[in-house]
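One structure is given below, encoded as structure tokens.
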Amino acid sequence: MALVTDLINLNLTDSTPKIIAEYIWIGGSGMDLRSKARTLSGPVDDPKKLPKWNYDGSSTGQAPGEDSEVILYPQAIFKDPFRRGNNILVMCDAYTPAGEPIPTNKRCAAAKIFSNQEVEKEVPWYGIEQEYTLLQREINWPLGWPQGGFPGPQGPYYCGIGADKAFGRDIVDAHYKACLYAGINISGINGEVMPGQWEFQVGPAVGISAGDELWVARYILERITEIAGVVVSFDPKPIPGDWNGAGAHTNYSTKSMREEGGYEVIKKAIAKMGLRHKEHIAAYGDGNERRLTGRHETADINSFSWGVANRGASIRVGRDTEKEGKGYFEDRRPASNMDPYVVTSMIAETTILWNKS
Amino acid sequence: MSLLNDLINLDLTDSTKKIIAEYIWIGGSGMDLRSKARTLPKPESDPKKLPKWNYDGSSTGQAPGEDSEVILYPQAIFKDPFRGGNNILVICDAYTPTGEPIPTNKRHAAAKIFSHPEVEKEVPWYGIEQEYTLLQKDINWPLGWPKGGFPGPQGPYYCGIGADKAFGRDVVDAHYKACLYAGINISGINGEVMPGQWEFQVGPSVGISAGDEVWAARYILERITEIAGVVVSFDPKPIPGDWNGAGAHTNYSTKSMRDEGGYEIIKKAIEKLGLRHKEHIAAYGEGNERRLTGHHETANINTFKWGVANRGASIRVGRDTEQEGKGYFEDRRPASNMDPYVVTSMIAETTILL
């Protein structure tokens, strides 16, 4: 058994200049990640220098069988924590052979918004808090929970330690280092309120890279759970009842918000967000109505509210932002299964480009 | 167990000049790989300089007991990823003591075709997409499938990730690096549509080396599954019903096809293949009729058709080949248990010589 690991861990840099590039894309459901690997003749660090590729879209619900090629455009490179050496992970988006983004490609439209001059000028920063739940593989019940039963009520688990309070830390810690190795801007991790639920944060990341980094962090997480024999769920309310849901709170600031007088800019931005509450909610993840109930540190899905240090609001402003008169705010509405390309670009669009008319 | 691994992983280059050469050949069924090792006095990189050897053909269904010696002619050398150092794997083919290829030796006739001047001139390139299924050892049921039951239907598994979608990736990834280390032209891997099924691609390789490299890659794969305690199957339809089969799609081009105006050459070549459909099918692997049904991204075994980007055709031409007016085409008919010596040389013969 150890000999398979010897082969997996072979350092090829002494044997060959060739590298392995794992091309990653989002499949037909909008949440299923797919990937396959190819050999390249030497190391590459610029995505523009990577060849386009294609895949069988008829096998992912993204093309018909008689015209099945979907083209992959490489967009971002990260170091491969599984293969190491000079091997890479490549985040891609998907196009028809004629060069049109396929319907499930949300990155293309987001990239357009982020390259708008008004938006570029504001250098939008994002910090995304990705929550997720680990499940036992064959029974799809949270990791650490007794089969056919429940653990003690929430209370001891948030940031908890100990074999009776923290379930799956090896995955979380492996993921943290793997992401740092890969070059992802992972800023922290913590155990969540519901046992078996965890969170990692990515950011601050600028513009389109927030989405790229979050998707690759999700990819690395699911590859690690695959190795650990555990299933990762991004469902926003995996267990109904008195158990917290899982969100992807999105922290946001623009240049104007980060400078003197920024607090006024923040308040104006939040007001605009309030006027587009329904549109944002519709794009913030499927099944979010099961999570945004007004309880368990959420605001009800039908109300828009904001407040300083208020975890029961739709948007929370930190006390330090209020004190310093500048900073950022936290949109707590997005669900854990949101698409970061959609959410980040929509927040930029609403707060920078959209006018009440 | 760790002391055994220490010994397996001993680097002998400091202790001795001697190397170990693992001689590999194909047994009597045409799909069973066999190998045995011998010590050589020093490193060697030219197969012509390696000594011929022999084996007991009566134990592999390739010779009678009273005249059992079959001679091994070394044909290709690869670095040994299991022994490391200067140790090597040697792909061989088999001959009688009087120098005739034995009946199961398909390499010999293929090499003749590839050394034909008309064929050599065209520098035929091959890219072979080898699919295979991993099975749990004692029950011969696909890896990751519940005992006595089935996983959820196909959909999530193609290029999928996660413990509920990808079964056996450590074998696949170990194989990828091992082949690169060995010097095999492995160009990629992916998870396949049926859970527990995978694919690797070898190429572009020229002429006879395509067959040598695919056989060496198959050998390395089965040695790795042996370590992992898992069984590899090259059956073209391991599970009947609504589950994809396993193929060995063979991508092909000649110099003329890769040059300006190549698309016309490609179309002519495809026509010739269409006229010999039955002959090719007969040589494209046993049991292929269970796989080529017209469903599950195959064309029916009795029909020959081709199309651009059409995965339901016998032969598929990629969109970029169509767009650029030159390139290559993909013969999707060969089964996973095809003999690459037979398939590659037959395609060259039909398209160049006939």
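Convention: sequence-line order gives letters A, B, ...; per-chain numbering from 1. All values derive from a computational prediction rather than experimental measurement.
When each of A:Thr60, A:Thr16, A:Asp56, A:Val230 is scored by its heavy-atom pairs under 4.5 Å with chain B, the top score falls to A:Asp56. Chain B forms more heavy-atom pairs under 4.5 Å with one residue of A:Arg38, A:Arg137, A:Glu22, A:Arg83 than with any other, namely A:Arg83. Note: A:Ser35 leads A:Ser35, A:Ser29, A:Pro97, A:Gly85 in heavy-atom pairs under 4.5 Å with chain B. Contact tally against chain A (heavy-atom pairs below 4.5 Å) for B:Gly162, B:Ala174, B:Ala313, B:Gly188: the top residue is B:Gly162. In terms of non-hydrogen atom pairs under 4.5 Å with chain A, the most contact-rich of B:Gly84, B:Ala178, B:Pro156, B:Gly318 is B:Pro156. The choice from B:Gly155, B:Ala163, B:Gly191 that makes the most heavy-atom pairs within less than 4.5 Å of chain A is B:Ala163.
At a 4.5 Å heavy-atom cutoff, the contact between B:Tyr157 and chain A is made by backbone atoms alone. Only the backbone of A:Asn9 comes within less than 4.5 Å of a heavy atom of chain B; no side-chain atom from C-beta onward does. Only the backbone of B:Val308 comes within less than 4.5 Å of a heavy atom in chain A; its side chain stays farther off. With a 4.5 Å cut-off on non-hydrogen atoms, A:Leu12 touches chain B through its side chain but not through its backbone. Heavy atoms of B:Glu199 lying under 4.5 Å from chain A are absent altogether. At a 4.5 Å heavy-atom cutoff, B:Asn244 makes no contact with chain A through either its backbone or its side chain. The parts of A:Asp67 that come within reach of chain B are both its backbone and its side chain, each placing non-hydrogen atoms under 4.5 angstrom from that chain. Residue A:Val232: no heavy atom, backbone or side chain, is found under 4.5 Å from chain B.
Contact of the B:Phe82 side chain with the A:Leu7 side chain is registered, since non-hydrogen atoms from C-beta on lie closer than 4.5 Å. In this structure, the side chains of A:Lys36 and B:Gln201 stay at 4.5 Å or more apart for every pair of heavy atoms. Within the 4.5 Å cutoff, no side-chain heavy atoms of A:Ser15 are placed close to those of B:Leu180. No side-chain heavy atom of A:Asn140 sits under 4.5 Å from any side-chain heavy atom of B:Asp164. When side chains are defined from C-beta on, A:Val231 does not count as touching B:Lys165, because their heavy atoms never get closer than 4.5 Å. Considering only heavy atoms from C-beta on, A:Ser59 comes within 4.5 Å of B:Glu297 through its side chain. With a 4.5 Å cut-off on side-chain heavy atoms, B:Lys177 and A:Asn87 count as touching. A:Phe82 is not listed as a side-chain neighbour of B:Asp173, based on a closest heavy-atom distance of 4.5 Å or more.
Here the CG-CG distance, from A:Leu3 to B:Leu4, works out to 11.0 Å after rounding to the nearest 0.5 Å. Between the CG atom of B:Asn190 and the CZ atom of A:Arg34 there is a distance of 11.5 Å, given to the nearest 0.5 Å. Remark: B:Asp170 CG to A:Thr5 OG1 distance equals 8.0 Å, nearest 0.5 Å. If you take CG on A:Leu40 and OG on B:Ser187, they are separated by 10.5 Å, rounding to the nearest 0.5 Å. Of the inter-residue distances, the one linking B:Ile161 atom CD1 with A:Glu226 atom CD reads 7.5 Å to the nearest 0.5 angstrom.
Summarising the local packing, CH2 of B:Trp125 is surrounded by 12 or fewer heavy atoms from other residues, nucleotides or ligands at distances under 6.0 Å. A 6.0 Å sphere centred on CG of A:Asp46 holds more than 12 heavy atoms belonging to other residues, nucleotides or ligands. By the neighbour-count criterion of 12 heavy atoms within 6.0 Å, atom CG of A:Asp286 is sparsely surrounded, having that number or fewer from other residues, nucleotides or ligands. In this structure, B:Glu222 places its CD atom where only 12 or fewer heavy-atom neighbours from other residues, nucleotides or ligands lie under 6.0 Å away.
One N or O on the side chain of B:Tyr176 and one on the backbone of A:Thr39 form a donor-acceptor pair closer than 3.5 Å.
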Could you go through the side-chain contact (heavy atoms from CB on, under 4.5 Å) check for B:Arg169 and A:Ile8 one step at a time?
-> CA-CA 10 Å; B:Arg169 188 192 299 274; A:Ile8 291 177; over 6 Å; no
